[in-house]
Amino acid sequence: FGDLAQPIHFAESAAQAVNPSDYAKFIKSVSRLKTRTGFDLNAFAALLTGTFDIDSDTKTTEARVGVSDPASARAMLKKLVAAPALAFKKGAKIRPLGGNLYQVREPTSTTLTLGLLGNQLLLGKATPAQLQAFARAPSTNVAGATGSVAFRVALQDLLHLTIKRAPSATAQQLLNLLGDLTGSMSATPSGLNGIASLAIK
């Protein structure tokens, strides 16, 4: 993925237009978090100006985004984790792991690892060692993709995340003929524009 700022701003505007009441609740929660901890979501989002990468094998999922000012991001992150119930779900617990990494355990038993390594903010359903390895891995450019968001995902991995039952043997044979789903998107005041293509092996 490319620059994250543009789609974030578009998502906020879309949410406000589509569901004003839910957006108002969100803004109230953000304001409460800032009052309690000093964490400023807008200022934090403004630091997320680097490449945004996601990697998943359906069991381990990792995400990272470059930050423009690691020292400021580190200070804001400390404020964020000081109020788990406000920053995450009610009943969430956060445990420092050292090295600017934190374990986030939610009431649903989902355990996440969150932290800042170098100039990268990381979050994942992964171990600290896995996130550290992901932080060191180079970004992969998506050939032919332009716009603020570019993506490439294996179609079978995407289906594993979205369907509950395994496909039939015949369907699996057809899926084996398909490669990666590649594309890009950009946000404008009027909406999202994008293109996607599916490779055939």
Side-chain angles (χ1 to χ4, degrees), residues 1-11 41 44-78 80-81 87-88 92 94-106 109-163 175-176 178-187 194-201:
F1 290 80
D3 183 11
L4 203 57
Q6 190 180 27
I8 285 177
H9 292 317
F10 174 79
L41 180 61
F44 189 67
L47 297 175
L48 309 181
T49 57
T51 299
F52 179 48
D53 298 312
I54 294 179
D55 183 69
S56 177
D57 61 3
T58 72
K59 294 181 180 179
T60 298
T61 300
E62 304 158 306
R64 68 183 182 188
V65 60
V67 298
S68 58
D69 185 343
S72 294
R74 191 177 303 112
M76 288 191 187
L77 189 59
K78 288 182 179 180
L80 179 68
V81 300
F88 299 92
I94 296 180
R95 180 170 66 91
L97 299 175
N100 296 314
L101 291 176
Y102 302 87
Q103 181 189 75
V104 181
R105 184 179 292 277
E106 297 185 329
S109 297
T110 299
T111 300
L112 304 173
T113 304
L114 167 70
L116 191 74
L117 297 176
N119 66 341
Q120 296 184 96
L121 177 69
L122 295 111
L123 175 66
K125 188 179 179 182
T127 66
Q130 288 171 324
L131 273 192
Q132 289 167 347
F134 184 54
R136 294 192 296 268
S139 295
T140 302
N141 293 326
V142 180
T146 59
S148 59
V149 175
F151 60 88
R152 181 172 61 209
V153 59
L155 180 63
Q156 294 203 41
D157 287 346
L158 180 61
L159 291 175
H160 287 156
L161 290 171
T162 56
I163 62 177
L175 290 173
N176 289 338
L178 304 177
D180 293 346
L181 181 67
T182 304
S184 60
M185 295 185 297
S186 59
I195 187 172
S197 61
L198 181 61
I200 305 296
K201 296 180 181 178

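- Looking at every heavy atom in both residues, Gln103 comes nearest to Thr111 through CG-CG2, 3.6 Å.
- Atom CG of Leu112 sits about 10.0 Å away from atom CD1 of Ile94, to the nearest 0.5 Å.
- The two residues Lys78 and Tyr102 make their nearest non-hydrogen contact at CG-OH, 3.6 Å.
- Side-chain contact between Val65 and Thr49 is absent, with no heavy atoms from C-beta onward closer than 4.5 Å.
- Residues meeting the side chain to side chain contact (heavy atoms under 4.5 Å, CB included) test with Ala63, sequence neighbours left out: Phe52, Ile54.
- Partners of Ser68 by side-chain hydrogen bond (donor to acceptor under 3.5 Å, both in side chains), not counting sequence neighbours: none found.
- Here Leu131 contributes atom CG and Leu123 contributes atom CG; the two are 7.5 Å apart, rounded to the nearest 0.5 Å.
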Exercise for review: Run the numbers on Thr113 and Val104 for side-chain contact (heavy atoms from CB on, under 4.5 Å), then give the verdict.
Suggested key: CA-CA 6 Å; Thr113 304; Val104 181; over 6 Å; no

Check your understanding: Yes or no on side-chain contact (heavy atoms from CB on, under 4.5 Å) for Glu62 and Asp53, after CA distance, side-chain angles and deciding distance?
Key -> CA-CA 8 Å; Glu62 304 158 306; Asp53 298 312; over 6 Å; no

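- Under the side-chain hydrogen bond (donor to acceptor under 3.5 Å, both in side chains) criterion, Gln130 pairs with Thr127, not counting sequence neighbours.
- Judged as a side chain to side chain contact (heavy atoms under 4.5 Å, CB included), and not counting sequence neighbours, the contacts of Gln120 are Arg64, Leu122, Ala135.
- Using a 4.5 Å heavy-atom threshold, the side chains of Leu101 and Leu117 count as touching.
- Every residue two or more places apart in sequence or in another chain that forms a side chain to side chain contact (heavy atoms under 4.5 Å, CB included) with Asn100 is listed here: Arg74.
- Expressed to the nearest 0.5 Å, how far CZ of Phe134 lies from CG of Asp55 amounts to 5.5 Å.
- Heavy-atom minimum distance, Pro70 versus Leu116: O-CD2, 3.3 Å.
- With sequence neighbours excluded, no residue forms a ring pair (Phe, Tyr, Trp, His ring centres under 6.0 Å) with Phe88.
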